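Residue numbers run from 1 in the order of the sequence given. Everything quoted here is computed from the prediction, not taken from an experiment.
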Amino acid sequence: MRTATLGPTERAAALTAMTERELDVLVVGGGVVGAGIALDAVTRGLSTALVEARDWASGTSSRSSKLIHGGLRYLEMLDFALVREALKERGLLLERLAPHLVKPVPFLYPLRHKGWERLYAGSGVALYDAMSVSSGHGRGLPVHRHLSRRRALRVAPCLKKDALVGALQYYDAQMDDARFVATLVRTAASYGAEVANRARVTGFLREGERVVGARVQDVETGGAYEIRARQIVNATGVWTDDTQALIGERGQFHVRASKGIHLVVPKDRVHSATGLILRTEKSVLFVIPWGRHWIIGTTDTDWDLDKAHPAASSADIDYLLEHVNSVLHTPLTRDDVEGVYAGLRPLLAGESDATSKLSREHTVAHPVPGLVVVAGGKYTTYRVMAKDAVDEAVHGLDKRVAACVTEVTPLLGAEGYRALWNARAGIAARTGLHVARVEHLLDRYGSLTEEILDLVAADPALGKPLPAAEDYLRAEIVYAASHEGARHLDDVLTRRTRISIETFDRGTRSARECAMLMAPMLGWDSGQVDKEVEHYEKRVEAERESQRQPDDLTADAARLGAPDIVPI
């Protein structure tokens, strides 16, 4: 196994390699499910390629609530199988697959009614913990506890006294969703998968009824490729129906998009030592610890406009602020909001018009020979979705294929992470970095942190933080372009880092310095640096303008005012 580097040279080589032989599996879609499928397939010994039209995780998989959780509210719907499956996956990720990326996070659930609610909610949380332990992978998290109102207010002084009569505290887990996907992709590449982002499928190759390959356009250079594969897996999430249309087939199910928006506010705006989970009339609302910030979300509304750039309207923002302020002692205002992001959940369409009631289960189908489609599901269960999709694809291969091994295959950076964490003080002393900075790197890169430190050793200036985004080292920007497949400034500021939602300027003050750090890695001249910065600034302004609009239609129109990609 090699540690994969996803730089420009490797990307070009991967696109060429995809055309040189017939592959066993071609995966279309570089979100968490597509990346998981590529890893599953390649670790079964199958020749595998993965293509993504934009950037890794640029859709739903970078715009989630960033939680790895069992779905406590699904217990209330009596969906025990889904919760049990998700809790097992949560445990695997925490303990074995990605301990550097997935971390425990506490939540406080305020109780509003005496007596019956504590019994009702407490029974649900107790069952949640019991199902976690029974999965065999849930012993690493603390069990829930009951709190009186006084103890709850000690833990979360931000709450109004009349907002609760008591509380329950329980644990789930969280991760940086875009970083997780980038790591999945690199892990798949390290086992031999050929991967390329900014590579769009424009059509499928057919022999009779059978799909035998895909036509792919290099969005960066305009180059066209024909990639042949025995099985193609469509893992395009909310674009599933669009991808199916390329073969003239609607498919066996329909995917509907539900928009969820999130706000990011500074840590000092909400005085609490724990996350919060609140009931709303439609769903649940989370206040989630996020480094030096809080993430507040989410909404759940139908969306049938632009899928690439779902827009948050003023009404969406007001909805979240109104609901979170109903329990906060010191209300939040628009001025407290650093970042806003909107994402789309791919839901399998059901009989109900309410998207919150559509299925979070996933479905795998084989609509025509040579093409497998997977859709639905939730982030936490991506590995199960990937396994099911590859199992289905294997039926179309005329050879024996090994069983899935992703349950015991750690992601890059996991092996050796705990040993390095224990040695973090020594690493800080050796490198001259503050121990908190070393912890930050270990929690983002795991044992791959040594590759960042090598960059700093070669050029000590890269060990300095970005002046306008001091949580990140300059070396991380270089590494994103040289090792992690970032092709544009937007990729770095919105996905490889979270500068776009963690600063009040939305990353505009960091844009030029980041572009200049990326330039040598990507062969940019000064003209391209200017284009990248201008494009990013227009993107931010279009998003700000959309967030001033009263509804989805006007917000969508405002967001579409910025171009989608910077040509080189």
Side-chain angles (χ1 to χ4, degrees), residues 64-76 90 103-114 117-118 120-122 124-126 128-129 141-175 260-300 316-333 336-341 356 380 501-502:
S64 72
S65 296
K66 315 201 186 313
L67 292 176
I68 295 291
H69 63 131
L72 186 59
R73 70 189 179 103
Y74 297 117
L75 280 183
E76 196 169 29
R90 184 190 71 177
K103 304 292 178 182
V105 60
F107 284 102
L108 190 77
Y109 177 67
L111 301 171
R112 304 298 297 269
H113 307 281
K114 292 185 176 180
E117 189 182 17
R118 186 178 291 278
Y120 177 75
V125 176
Y128 195 65
D129 282 346
L141 291 180
V143 297
H144 75 284
R145 58 178 183 153
H146 287 260
L147 302 178
S148 65
R149 178 163 67 178
R150 179 179 297 178
R151 289 181 65 197
L153 289 172
R154 277 199 211 121
V155 175
C158 60
L159 294 174
K160 296 177 182 175
K161 288 185 179 179
D162 61 0
L164 71 165
V165 297
L168 296 168
Q169 188 174 47
Y170 74 98
Y171 278 77
D172 255 316
Q174 69 176 163
M175 47 70 223
I261 84 146
H262 296 79
L263 310 180
V264 183
V265 302
K267 194 77 167 180
D268 62 4
R269 302 306 199 270
V270 179
H271 188 195
S272 177
T274 178
L276 306 173
I277 178 172
L278 313 169
R279 273 191 177 276
T280 72
E281 66 276 11
K282 296 178 182 177
S283 184
V284 294
L285 184 73
F286 288 101
V287 180
I288 306 163
W290 179 255
R292 296 198 295 168
H293 318 268
W294 297 96
I295 292 175
I296 300 170
T298 180
T299 58
D300 194 349
D316 291 327
I317 296 170
D318 287 343
Y319 172 87
L320 288 181
L321 289 176
E322 177 186 348
H323 279 80
V324 75
N325 285 339
S326 69
V327 300
L328 293 183
H329 184 267
T330 304
L332 297 171
T333 70
D336 295 315
V337 177
E338 291 174 290
V340 181
Y341 65 93
S356 60
T380 303
I501 58 171
E502 293 176 346

Q.
Could you walk me through whether L164 and L153 satisfy the side chain to side chain contact (heavy atoms under 4.5 Å, CB included) test, starting with their C-alpha distance in whole Å, then the side-chain angles of each, then the deciding distance to 0.1 Å, before giving a yes or no?
A. CA-CA 9 Å; L164 71 165; L153 289 172; 4.0 Å; yes
- Side-chain contact, heavy-atom cut-off 4.5 Å: L320 with V324? no
With sequence neighbours left out, the residues meeting ring pair (Phe, Tyr, Trp, His ring centres under 6.0 Å) with H293 are none
Practice prompt. Kindly indicate whether the side chain of L285, heavy atoms from C-beta on, has any atom under 4.5 Å from the side chain of L276.
Written response: no
H113 meets the ring pair (Phe, Tyr, Trp, His ring centres under 6.0 Å) criterion, sequence neighbours left out, with W116
* To do: State, with a plain yes or no, whether a side-chain heavy atom of I295 is found less than 4.5 Å away from one of Y341.
  => yes
| said: Within the 4.5 Å heavy-atom criterion, are H329 and P157 side-chain neighbours or not? | reply: no
(message) Working note: L321 + T333, criterion side chain to side chain contact (heavy atoms under 4.5 Å, CB included); need CA distance, chi angles, decisive distance, verdict.
(response) CA-CA 7 Å; L321 289 176; T333 70; over 6 Å; no
Between the NE2 atom in H146 and the CG atom in L111, the distance rounded to the nearest 0.5 Å is 8.5 Å
Output for pair (H323 NE2, I296 CD1), nearest 0.5 Å, gives 13.0 Å
What one should report as the nearest heavy-atom pair of S65 and I288 is O-CD1, 3.4 Å
Distance-only criterion, 3.5 Å: show the donor-acceptor pairs between side-chain atoms of residues 167-175 and protein atoms not counting sequence neighbours.
from	atom 1	to	atom 2	distance (Å)
Q169	OE1	R145	NE	2.8
Q169	OE1	R145	NH2	2.9
Q169	NE2	T274	OG1	3.2
D172	OD1	R90	NH1	2.7
D172	OD1	Y128	OH	2.9
D172	OD2	Y128	OH	3.0
Q174	NE2	P289	O	2.9

Ring pair (Phe, Tyr, Trp, His ring centres under 6.0 Å) filter on H271, not counting sequence neighbours, yields none
Looking only at heavy atoms, the pair that brings D336 and P266 closest together is O-CD, 3.2 Å
Sorted by chain and number, sequence neighbours left out, salt bridge (Lys or Arg N to Asp or Glu O under 4.0 Å) with R149 holds for none
*Would you say the side-chain atoms of W294 pair up with the backbone N or O of V270, donor to acceptor, closer than 3.5 Å?*
yes
To the nearest 0.5 Å, atom CG of L108 lies from atom CG of L147 at 6.0 Å
Between the CZ atom in R292 and the CG atom in D268, the distance rounded to the nearest 0.5 Å is 10.0 Å
By side-chain hydrogen bond (donor to acceptor under 3.5 Å, both in side chains), N325 pairs with (sequence neighbours left out) none
Sorted by chain and residue number, the side-chain hydrogen bond (donor to acceptor under 3.5 Å, both in side chains) partners of T298 (sequence neighbours excluded) come out as R345
### Query
After noting the C-alpha distance and the side-chain angles of C158 and V327, does the key distance pass the side chain to side chain contact (heavy atoms under 4.5 Å, CB included) rule?
CA-CA 8 Å; C158 60; V327 300; over 6 Å; no
Residues at least two apart in sequence or cross-chain that pass side-chain hydrogen bond (donor to acceptor under 3.5 Å, both in side chains) with S272, listed by chain then number, are none
Hits for side-chain hydrogen bond (donor to acceptor under 3.5 Å, both in side chains) against R112, two or more places apart or cross-chain, chain-then-number order -> none
Are T380 and H69 close enough that a side-chain donor and a side-chain acceptor fall under 3.5 Å?
no
The complete set of side-chain hydrogen bond (donor to acceptor under 3.5 Å, both in side chains) pairs with one or both residues in residues 155-168, sequence neighbours excluded, reads none
Those residues at least two apart in sequence (or on a different chain) that pass side chain to side chain contact (heavy atoms under 4.5 Å, CB included) with T330 are none
Polar side-chain atom of T299 near backbone of I261 as donor-acceptor pair, under 3.5 Å:
yes
Distance col, row I317:CD1 vs H262:NE2, nearest 0.5 angstrom, shows 13.0 Å
For Y109 and R279: C-alpha separation, side-chain torsions, deciding distance, then whether side chain to side chain contact (heavy atoms under 4.5 Å, CB included) applies. CA-CA 9 Å; Y109 177 67; R279 273 191 177 276; 3.3 Å; yes
With sequence neighbours left out, the residues meeting ring pair (Phe, Tyr, Trp, His ring centres under 6.0 Å) with F286 are F107
